[in-house]
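Report on the structure given below.
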Amino acid sequence: MSGIYITAGVMHFVTPRTFARIAPPRFPRPTLLVYLSGVAEIVLGIGVLFRRTRRRSAWGLIALLLAVFPANVHMATSDTVPESVPDWATTVARVGLWARLPFQGVLMLWAWWYTRVMPENGA
């Protein structure tokens, strides 16, 4: 799970315009929000690697997933698909955007799993 969030967070800095485009129009300063969410993903992704910070980081990821959900809804309900999608794949991309919405719940459950107290011996 850590690698997914760290990679996603880094991508916020590699292609910030792509992420800023999906911010709902009512959100101010979308590029700043992209950078902040990217930092959060990186820090929380690193945090779940360590037993000492795992639970707090997992709760932070759940909060982050809730916070970015409006952007995912905006992406699914607007007529916008990512710039990198070729014209022939637009329909598939739109289906994927709608499928992403319930997948957020799966990601939250996965993060929640990391909030549980784990036995010390790993058994």
Side-chain angles (χ1 to χ4, degrees):
M1 180 166 81
S2 177
I4 291 171
Y5 286 101
I6 293 170
T7 302
V10 168
M11 291 308 296
H12 283 68
F13 294 92
V14 174
T15 60
R17 286 182 37 178
T18 301
F19 288 94
R21 280 183 30 157
I22 68 169
R26 68 182 181 274
F27 285 16
R29 304 187 67 194
T31 303
L32 175 63
L33 294 174
V34 167
Y35 291 138
L36 290 174
S37 61
V39 167
E41 284 182 326
I42 293 167
V43 169
L44 295 170
I46 292 169
V48 294
L49 287 172
F50 303 101
R51 182 179 302 275
R52 184 177 185 160
T53 56
R54 184 169 295 140
R55 292 184 75 208
R56 280 181 270 150
S57 295
W59 282 116
L61 287 171
I62 292 168
L64 180 64
L65 289 165
L66 286 170
V68 300
F69 192 71
N72 293 332
V73 170
H74 173 69
M75 223 164 69
T77 58
S78 71
D79 207 18
T80 306
V81 294
E83 292 173 348
S84 60
V85 174
D87 289 340
W88 60 267
T90 300
T91 301
V92 173
R94 285 196 178 114
V95 169
L97 294 174
W98 281 99
R100 182 179 181 168
L101 298 178
F103 188 64
Q104 290 288 109
V106 173
L107 292 173
M108 286 182 214
L109 284 173
W110 190 15
W112 176 80
W113 187 76
Y114 280 80
T115 68
R116 301 178 308 145
V117 176
M118 300 291 184
E120 288 295 320
N121 64 4

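Only heavy atoms go into these numbers, but all of them, side chains included; no hydrogens, no water, no symmetry mates. What you are looking at is a predicted structure, and each value in this text was computed from that prediction instead of being measured.
L44 and M11 fall into different hydrophobic clusters, where Ile, Leu, Val, Met, Phe, Trp and Tyr are joined by side-chain heavy atoms under 4.5 Å apart, directly or via other members. One hydrophobic cluster, built from ILVMFWY side chains closer than 4.5 Å, cannot hold both L61 and V39; they sit in different ones. Residue V48 is not grouped with residue V10 when hydrophobic side chains (ILVMFWY) are merged at heavy-atom distances under 4.5 angstrom, including chains of intermediate members. Linking Ile, Leu, Val, Met, Phe, Trp and Tyr whenever their side-chain heavy atoms come within less than 4.5 Å leaves L32 and F13 in two separate clusters. Transitive grouping of hydrophobic side chains (ILVMFWY, heavy atoms separated by less than 4.5 Å) keeps L65 and L101 in distinct clusters.
For the residue pair P70 and F27, the shortest heavy atom distance occurs at CB-CZ, 4.0 Å. Smallest separation of non-hydrogen atoms from A58 and A111: CB-O, 3.2 Å.
Applying the side-chain hydrogen bond (donor to acceptor under 3.5 Å, both in side chains) test to pairs two or more places apart or on separate chains, those with a residue in residues 33-44 are H12-S37, H12-E41.
To the nearest 0.5 angstrom, I46 atom CD1 is 7.0 Å from I42 atom CD1. Rounding to the nearest 0.5 angstrom, the gap separating the CG atom in N72 from the CD1 atom in I22 is 6.0 Å.
Residues H74 and P25 have side chains in contact (heavy-atom distance under 4.5 Å, counting atoms from C-beta outward). Considering only heavy atoms from C-beta on, V68 comes within 4.5 Å of Q104 through its side chain. A heavy-atom distance below 4.5 Å is not found between the side chains of M1 and I4.
Looking at T115, its side chain never comes within 3.5 Å of a backbone N or O of R55 through a donor-acceptor pair.
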- Message: side chain to side chain contact (heavy atoms under 4.5 Å, CB included), that's the test. Do R29 and L33 meet it? Break it down for me.
- Response: CA-CA 6 Å; R29 304 187 67 194; L33 294 174; 5.5 Å; no

- In sequence, state the C-alpha distance, the side-chain angles, and the governing distance for W112 and I62, and then conclude on side chain to side chain contact (heavy atoms under 4.5 Å, CB included). CA-CA 7 Å; W112 176 80; I62 292 168; 3.9 Å; yes

